[in-house]
There are 2 protein chains.
Amino acid sequence: MKKTSLSDIAKHLGVSKTLVSFVLNGKAKEFRISEDICKKVVEVAKELNYQPNRIAQGLRTGRTNTIGLIIADIANQFFGILGREIEQEAARFGYRVIFCSSDENPEKSRQQIAMLQQSQVDGYIISPPKHSEDQIRALAKGHVPFVLIDRYFPEIESNHIVVDNFNAAYNATNHLLKLGRKRIANITVNLDLINMEQRTEGYKQALRDASVPVDDNLVKVLPFSHDNKDVARAIKELVGKNSPKKIDAILFSTSKLGINGIECISSLGLKIPDDIAIVSFDNPDAYKICVSPVTVVNQPLKEIGKIAVQMLLNQIKHPDAPSKAQEIVLKTDLIIRKSCGS
Amino acid sequence: MKKTSLSDIAKHLGVSKTLVSFVLNGKAKEFRISEDICKKVVEVAKELNYQPNRIAQGLRTGRTNTIGLIIADIANQFFGILGREIEQEAARFGYRVIFCSSDENPEKSRQQIAMLQQSQVDGYIISPPKHSEDQIRALAKGHVPFVLIDRYFPEIESNHIVVDNFNAAYNATNHLLKLGRKRIANITVNLDLINMEQRTEGYKQALRDASVPVDDNLVKVLPFSHDNKDVARAIKELVGKNSPKKIDAILFSTSKLGINGIECISSLGLKIPDDIAIVSFDNPDAYKICVSPVTVVNQPLKEIGKIAVQMLLNQIKHPDAPSKAQEIVLKTDLIIRKSCGS
DNA sequence: TATTTTTGCTAAAACGATTTAGTAATTCTA
DNA sequence: TAGAATTACTAAATCGTTTTAGCAAAAATA
């Protein structure tokens, strides 16, 4: 069962494939094709179950209606929800999306960008890992449409859409302070990325503004590929009996950290929020049903995904628009549950 | 900055593009291209940063090195992990993957298959929603390479890879019985899909084998797009004070149900496992840190993903192999945590 | 030395669409 | 009624590859 092509329809009717192409692309009036031929073409196309070959189309037009998405890990619920939103919004406009998980590894992301480039994607949505500056710069230089999400590089002009991480962390920390917590730790991840940096900055500023001394020993920076044990070690250091720096609250900068952290805290026999109050970035299901449901910094993932696609398609549609880079910063909201007491 | 093509390299060296193509595809020896020309071609290709146009390649060869993935929802951690594994394994063999979330909606899945077909994907990995039998049959009839995962249609011969849902549910239920639970409910989802059916069958068989009467009132079947409220209603019916059918355990057939269910049970002031024991299919993060960590039926997602890709690529590589359909059934394991007491 | 074989390469068709430039036949205008 | 304009269409080039068929020169064989 060979697939039907334009020529098949053309032969079937004894007309040229030019005509068939015109009709099926809605250019019948523009090229004044007669009504009845039009109808016949449409009929035969249906009859033969014609499906346009997007590959051929892409070769000829240079546009594939495909976008490339590079995120850290689609198995992480944060990126899962984001990816879902992007897929959905893209589909609304007739775009497909190729998913790539970079694991925050710049070498992987380099290969993925190359692969996507070869696939002639029309544009990219990227959550760039650290040390991928040159890759992003290359895209910018090549005038390739792209949008960064979740983070960006301040030194590179780019379209991006992020949340106000500084204020998010500031408010979260403030929430803890208002509830009387004084020894607040921050467990974060060593991404050298602006978003993580800003979270820790916001945390510190909140402490300063409340005249609580900032103690760098209370900021634990883990490597990106951390597991249970790394988190457990950090927490033990923070709560160790012989530790002079005993803490009463933790701000987790990611939910991966938080989930591992809570597991560890429970296994140490500590109670949330009585012994330790918790606030975390991101809002996975886990936090809703956990021992003490977790107060979180919730990010507007739906919006991020939607806007990212729209910004990208806009660039694709208008390749040589004046184009001052758009930098969109969205607000987060603090969802208060039980993990901080009251 | 125009992209470099084969012809550019050819012109640069004053040779034919045929030659360049041969060299860059490793067919130099086969077509006895001289050593030094070979070297020069490779050099110039690097110098001009040649990136093969996979679209043109795909048009000519009929193979795009792309696979289409249709799952229920990439934001669901179950499919997130599965998708990740599939992406990774596909990449190992030079394949990209286009992700589609069907929401268990056959109309969506129909459109997605059409879209993927137009994109000339080399094969499909599909978790087919109910009422998509005709779509799958069409693929089979067209000799299109595809593999079904998570479910299949018994009446359609297909390559598929699933878990032994019957035994998984049987063992899970048995676990509850052994711990002395007698009034065990099953909350499941109305997918009319074999996997869900088999779970409920396994549950019933375990009861029968233990001489515990099967009470159909204890099986709650929810619509696919259920939310908190639907689950809450089901649970209230099961535990209502005036209910003669008061229960002491629940087997959740999906984690989406389970997460909502646990939220509801907690809000009713019931204790897990004292009042109600819980076992659930799937193993999301949420279950690890929840009030009472949940005993689960864990599926070998890594294996499912890997095997699915390998089976698919095998079909793609050998389009006219004798091909008796392969039906792979994997074992699950029961991870025992605290939600059933001891 | 004449023929065959090998070596090293190229021309051109093909994949399936889009799009430009054109052409006959008809209708309109002056 | 001659020329212009309109109508309804088509031929052919093109996108960037792959691949088949073939060709000239050199080397090997008889």
Side-chain angles (χ1 to χ4, degrees), chain A residues 1-42 44-45 48-66 94 117-122, chain B residues 1-41 44-45 48-66 94 115 117-122:
Chain A
M1 273 201 307
K2 208 28 194 42
K3 284 171 194 161
T4 30
S5 71
L6 277 190
S7 320
D8 294 330
I9 301 179
K11 268 178 213 147
H12 214 262
L13 282 169
V15 299
S16 72
K17 53 181 177 169
T18 306
L19 184 150
V20 178
S21 171
F22 285 156
V23 172
L24 296 180
N25 287 315
K27 302 190 182 167
K29 287 131 265 165
E30 186 183 342
F31 289 89
R32 7 158 223 261
I33 311 300
S34 66
E35 285 280 317
D36 51 334
I37 289 265
C38 259
K39 260 181 223 150
K40 276 183 199 155
V41 167
V42 173
V44 173
L48 299 183
N49 185 30
Y50 171 69
Q51 303 282 119
N53 183 327
R54 303 286 178 206
I55 291 294
Q57 215 169 239
L59 178 58
R60 172 63 230 228
T61 63
R63 308 249 278 83
T64 54
N65 277 38
T66 304
Q117 204 167 301
Q118 297 180 356
S119 299
Q120 315 294 119
V121 297
D122 295 334
Chain B
M1 273 201 307
K2 204 34 191 38
K3 284 171 194 161
T4 27
S5 71
L6 278 189
S7 319
D8 294 330
I9 302 179
K11 268 178 212 149
H12 214 260
L13 283 169
V15 300
S16 72
K17 52 183 177 167
T18 307
L19 184 149
V20 178
S21 172
F22 285 156
V23 172
L24 295 180
N25 287 316
K27 302 191 181 166
K29 287 131 266 165
E30 186 184 341
F31 289 89
R32 7 157 223 263
I33 310 299
S34 67
E35 285 280 318
D36 51 333
I37 290 267
C38 259
K39 261 180 221 149
K40 275 184 199 158
V41 166
V44 174
L48 299 184
N49 185 32
Y50 171 69
Q51 303 283 117
N53 183 327
R54 303 285 177 206
I55 291 294
Q57 217 169 242
L59 178 59
R60 172 64 230 227
T61 63
R63 308 249 277 85
T64 54
N65 277 39
T66 303
M115 178 273 275
Q117 204 167 302
Q118 297 180 356
S119 299
Q120 314 296 120
V121 297
D122 295 334

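Values in this document were obtained by computation on a predicted structure and should not be read as measured data. Throughout, a chain's letter reflects where its sequence line sits, starting with A, and its residues are numbered from 1.
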K.L.:
Could you state the interatomic distance from OG (A:Ser21) to CZ (A:Phe31), rounded to the nearest 0.5 Å?
P.N.:
9.0 Å

K.L.:
If you compare every side-chain N and O of A:Ser7 against the phosphate oxygens of C:dG16 (OP1, OP2), does one of them come in below 4.0 Å?
P.N.:
no

K.L.:
Could you tell me whether the phosphate oxygens of C:dG16, OP1 or OP2, come under 4.0 Å of any side-chain nitrogen or oxygen in A:Ser5?
P.N.:
no

K.L.:
Check the distance between C:dA17's P and B:Gln118's CD and give it to me in whole angstrom.
P.N.:
10 Å

K.L.:
Does B:Thr61 reach the main-chain N or O of B:Arg63 with its side chain, forming a donor-acceptor pair under 3.5 Å?
P.N.:
yes

K.L.:
Rounded to the Å, how far apart are A:Gln120 CD and D:dT17 C1'?
P.N.:
11 Å

K.L.:
At under 4.0 Å, does any side-chain N or O of B:Gln57 touch on OP1 or OP2 of D:dT18?
P.N.:
yes

K.L.:
Which listed nucleotide (C:dT10, D:dC15, D:dT17) is nearest to the side chain of B:Phe22?
P.N.:
C:dT10

K.L.:
Mind calculating the distance between CG (B:Leu59) and P (D:dT19) to the nearest angstrom?
P.N.:
13 Å

K.L.:
Closest-nucleotide mapping onto DNA chain D: is B:Thr18 or B:Ala56 further toward the 5' terminus? I mean the 5' end.
P.N.:
B:Ala56

K.L.:
Can you name the nearest heavy-atom pair linking B:Asn65 to B:Gly94, along with the distance?
P.N.:
ND2-O, 3.3 Å

K.L.:
Would you kindly give the CZ-to-P distance between B:Phe31 and D:dG22, to the nearest whole Å?
P.N.:
15 Å

K.L.:
Between atom CG in A:Leu6 and atom P in D:dC15, what is the gap in whole Å?
P.N.:
19 Å

K.L.:
Below the 4.0 Å mark, does D:dC15 have OP1 or OP2 next to a side-chain nitrogen or oxygen of B:Asn53?
P.N.:
no

K.L.:
So, does A:Lys2 get its side chain near the phosphate of C:dG16, meaning an N or O under 4.0 Å from OP1 or OP2?
P.N.:
yes

K.L.:
Measuring from atom NZ of A:Lys11 to atom OG1 of A:Thr4, what distance do you get when rounded to the nearest 0.5 angstrom?
P.N.:
12.0 Å

K.L.:
Can you tell me which nucleotide in C:dT18, D:dT10, D:dT18 comes closest to the side chain of B:Asn25?
P.N.:
D:dT18

K.L.:
Please list residues of residues 32-40 of chain B whose heavy atoms come under 4.0 Å from any atom in DNA chain D, ordered by number; otherwise none.
P.N.:
none

K.L.:
Does the base of D:dT18 carry an N or O that pairs as donor and acceptor with the side chain of B:Arg60 under 3.5 Å?
P.N.:
yes

K.L.:
Write down the distance between CG (A:Leu24) and P (C:dG16), rounded to a whole number of angstrom.
P.N.:
16 Å

K.L.:
When rounded to the nearest 0.5 angstrom, what distance separates CD1 in A:Ile33 from NZ in A:Lys39?
P.N.:
15.0 Å

K.L.:
Does A:Lys17 make a side-chain donor-acceptor contact with the base of D:dT10, cut-off 3.5 Å?
P.N.:
no

K.L.:
Please determine if a side-chain N or O atom of A:Lys27 lies less than 4.0 Å away from the OP1 or OP2 oxygen of C:dT19.
P.N.:
yes

K.L.:
In whole angstrom, give the distance that lies between atom CD of A:Glu30 and atom C1' of D:dT6.
P.N.:
16 Å

K.L.:
Once rounded to the nearest 0.5 Å, what's the spacing between atom NZ of B:Lys3 and atom CD of A:Gln120?
P.N.:
4.0 Å

K.L.:
Tell me the interatomic distance from A:Gln51, atom CD, to C:dG16, atom P, rounded to whole angstroms.
P.N.:
14 Å

K.L.:
Going by side chain to side chain contact (heavy atoms under 4.5 Å, CB included), B:Leu19 matches just one of B:Ile9, B:Leu6, B:Val41. Which one?
P.N.:
B:Val41

K.L.:
Would you say D:dT18 has OP1 or OP2 under 4.0 Å from some side-chain N or O of B:Ser21?
P.N.:
yes

K.L.:
How would you label the contact of A:Thr61 with the nucleic acid (heavy atoms, under 4.0 Å): base, sugar-phosphate, or nothing?
P.N.:
sugar-phosphate

K.L.:
Checking B:Thr66 side chain against B:Thr64 main chain: does a donor-acceptor pair fall under 3.5 Å?
P.N.:
yes

